[in-house]
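Notes for the one structure printed next.
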Protein chains: 2
Amino acid sequence: MPDPMYRQIAEDLQRKIESGELERGSQLPTEIDLREQYSASRNTVRDAIKWLTTRGLVETRPGQGTFVTERIKPFVTTLTGNPASGGGEDLVYLAEVEASRRRPKISPPRVEIQQAADPIARALWVDEGTPLVSRHQERFIDGTPWSLQTSFYPMSLVLEKGADRLIQAIDIPEGAVNYLADECGVKQVGYRDSIAVRAPDENEVAFFKLPSDGRVPVFVIFRTGFNEEGERFRLMVTVFPADRNRFVTNVGAVPPTIAALPSAQASEATAEPGTPARDALKRSG
Amino acid sequence: MPDPMYRQIAEDLQRKIESGELERGSQLPTEIDLREQYSASRNTVRDAIKWLTTRGLVETRPGQGTFVTERIKPFVTTLTGNPASGGGEDLVYLAEVEASRRRPKISPPRVEIQQAADPIARALWVDEGTPLVSRHQERFIDGTPWSLQTSFYPMSLVLEKGADRLIQAIDIPEGAVNYLADECGVKQVGYRDSIAVRAPDENEVAFFKLPSDGRVPVFVIFRTGFNEEGERFRLMVTVFPADRNRFVTNVGAVPPTIAALPSAQASEATAEPGTPARDALKRSG
DNA sequence: GGGTATTTGTCCGTATGTATT
DNA sequence: AAATACATACGGACAAATACC
């Protein structure tokens with residue numbers, strides 16, 4: 001039993017895209033042209049295009065046409081670092097981005113005092129309603145939006161430990177983890193990252209300029225920081241668009257990251273981890 | 001200027017779902033009913049449902065109806081472990097799953113000899129065409145498909161180091177990394193994980209029983225193993241459905257994982273990392 | 001800036017097929 | 001076998017965005 005017609009059209013176009021017959025970034029025939037090519041109605045052609053759109057193969061631009069999507073050069077973030085300096089925080093972020101010859105930018109933080117709500121309270125192991133400081137920052141690379149980050153700290157750090165700079169809407173250049181260690185004696189001896197993926201919400205679609213149909217998911221990374229007593233004193237929630245980001249963790253003795261070697265950077269940073277898995281499975285399936 | 005009608009319908013239904021007015025797993029009114037409720041055509045109602053479907057809020061079942069999607073209890077995999085025992089491989093996988101009182105199952109491996117193709121050759125730093133052993137396994141939890149894993153080893157390990165069991169289609173119960181260390185003196189002193197997300201291919205849709213429109217992405221984890229000389233001797237590619245998996249990495253001194261404490265497991269394992277970020281952004285936006 | 005042609009987006013109505021109960 | 005509900009496919013009309021003259 002053959003596939004429905006819109007699938008046949010979509011798969012034929014997919015084949016042309018993957019074979020290179022339709023080049024990356026080039027424009028597809030208009031819906032009217034495709035209607036004639038495939039002897040189908042315009043709505044059926046649109047269903048085929050929608051199928052390709054969901055899979056990220058093409059994108060439509062009102063008033064212009066339908067285009068084969070370009071490959072985005074991914075940015076690689078290393079999650080394992082030095083726990084005492086906050087690994088993956090501002091400092092590491094800036095160094096890592098500059099090592100790959102891109103220009104980072106961080107917005108000034110938006111600081112708020114909140115009452116701990118359910119999921120955040122649970123992650124920090126505090127009761128709901130506990131006062132928290134939240135610091136929210138937008139991060140850019142080469143002018144394009146890259147991540148949204150919100151960090152949460154118990155207000156007790158400010159009230160009892162004197163961490164006044166946490167409630168000031170000013171960037172902490174040396175990193176909040178270093179600041180807390182140096183000024184307040186609260187040392188981060190370890191952290192745990194939890195990595196998940198979900199559909200973006202409206203704010204994220206707008207900020208990252210993602211397609212409004214929500215087909216591009218976002219990474220959500222929860223970083224819980226532990227002090228010397230094994231207590232949770234910090235939660236950092238960072239959201240990254242999944243189409244332009246990779247994450248790396250190193251365990252044990254591992255040679256230096258490729259990104260640290262500018263000359264070799266192009267070779268691995270641009271390798272798309274998606275493709276080989278698919279190839280491997282297809283070959284062996 | 002208001003949104004198009006199908007968006008208004010979709011957002012009204014979304015509100016009802018998130019407010020609990022429409023319960024998880026319950027059936028929505030039929031398309032005909034919705035057509036009358038909202039005074040729209042059936043096609044417009046279908047556009048609204050499609051919008052909700054793309055975001056994973058509802059699912060349609062031909063002949064039955066449209067249903068609010070149930071939340072899936074995620075399984076958490078720890079990526080950081082003991083490099084010498086393969087961290088995150090069979091042994092750790094089984095222990096971790098059993099600690100959370102779920103029943104794991106691993107298929108016998110499908111073993112093949114391949115010539116290294118582009119992306120895999122690059123990850124292993126070998127020339128294209130180099131002979132490789134690939135070992136492919138399907139992994140299940142509680143009978144449901146959980147991951148697809150393919151490991152690649154240079155054939156030189158078999159030919160020169162005598163790692164004969166790599167080319168036998170039999171599971172290596174102690175783990176391939178332990179086997180290579182004990183039998184062949186090839187010790188894994190570290191590994192690097194690369195984490196990406198992409199749309200599933202047809203094999204993955206079929207195996208994981210994902211919705212065929214490809215809206216549920218998959219995690220792809222590349223694990224590159226390094227020996228004492230800092231050489232890459234192993235590549236493991238694992239694919240997980242993104243809707244039922246989370247990943248955790250621990251850095252520095254971190255208290256034991258929640259999953260290791262069966263009583264407390266429910267509290268954090270079921271916390272959805274997606275929600276708090278969204279809440280946080282909404283509150284502060 | 002304005003007007004026009006092109007292209008995709010939205011919305012309608014209808015008919016028929018397919019899966020499930 | 002019949003009823004129900006979603007899936008596919010067609011055709012038409014107008015709106016909105018964009019590009020170009």
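In the text below, chain A, chain B and the rest are named by the order of the sequence lines, each starting its count at 1.
- A:Met5 places its CE atom 10 Å from the C1' atom of D:dC10, with the value rounded to the nearest Å.
- B:Glu36 places its CD atom 14 Å from the P atom of C:dC12, with the value rounded to the nearest Å.
- For the OP1/OP2 pair of D:dA9 and a distance below 4.0 Å, the side-chain nitrogens and oxygens of A:Thr44 include no atom meeting the criterion.
- Atom CZ of B:Arg46 is separated from atom P of D:dC6 by 8 Å (rounded to the nearest Å).
- A:Asn43 has its CG atom 18 Å from the P atom of C:dT16, to the nearest Å.
- Counting to the nearest Å, the P atom of D:dT4 and the CG atom of B:Asp33 are 12 Å from each other.
- Along DNA chain D, the nucleotide nearest B:Thr60 and the nucleotide nearest A:Val45 are compared for position; the residue whose nucleotide lies closer to the 5' end is B:Thr60.
- With the nearest nucleotide of DNA chain C identified for both B:Pro62 and A:Thr30, A:Thr30 has the one nearer the 5' end.
- Here the CD-OG distance, from B:Gln149 to B:Ser107, works out to 10.0 Å after rounding to the nearest 0.5 Å.
- Taking 4.5 Å as the limit, every side-chain heavy atom of B:Thr53 sits out of range of all side-chain heavy atoms of B:Glu59.
- The pair B:Arg35-B:Glu31 does not count as a salt bridge, with every side-chain nitrogen at least 4.0 angstrom from each carboxylate oxygen.
- When the side-chain nitrogen and oxygen atoms of A:Gln64 are compared with OP1 and OP2 of C:dT6, none of them lie within a distance under 4.0 Å.
- For D:dA9, the paired base is C:dT14 (Watson-Crick or G-U wobble, both distances below 3.5 Å).
- Residues B:Leu148 and B:Thr238 form no side-chain contact, since every pair of their non-hydrogen atoms from C-beta on lies 4.5 Å or further apart.
- For A:Tyr6 and C:dG17, the OH to P distance is 18 Å, given to the nearest whole Å.
- Comparing D:dC10, C:dC11, D:dA7 by their nearest atom to the side chain of B:Ser41 picks out C:dC11.
- Proximity of B:Ile221 to B:Phe240: side-chain heavy atoms (C-beta onward) are separated by under 4.5 Å at one or more points.
- The interatomic distance linking A:Asp47 (CG) with D:dG11 (P) rounds to 14 Å, in whole Å.
- D:dT8 atom C1' lies 12 Å from atom CD1 of A:Ile9, rounded to whole Å.
- The side chain of A:Thr66 places no N or O atom within less than 4.0 Å of a non-bridging phosphate oxygen (OP1 or OP2) of C:dT7.
- Residue B:Arg42 places a side-chain atom within donor-acceptor reach of the base of D:dA7, judged by atom type and a 3.5 Å distance cut-off alone.
- Residue order along DNA chain D, read from the 5' end via each residue's closest nucleotide, puts A:Ala40 first among A:Ala40 and A:Gly63.
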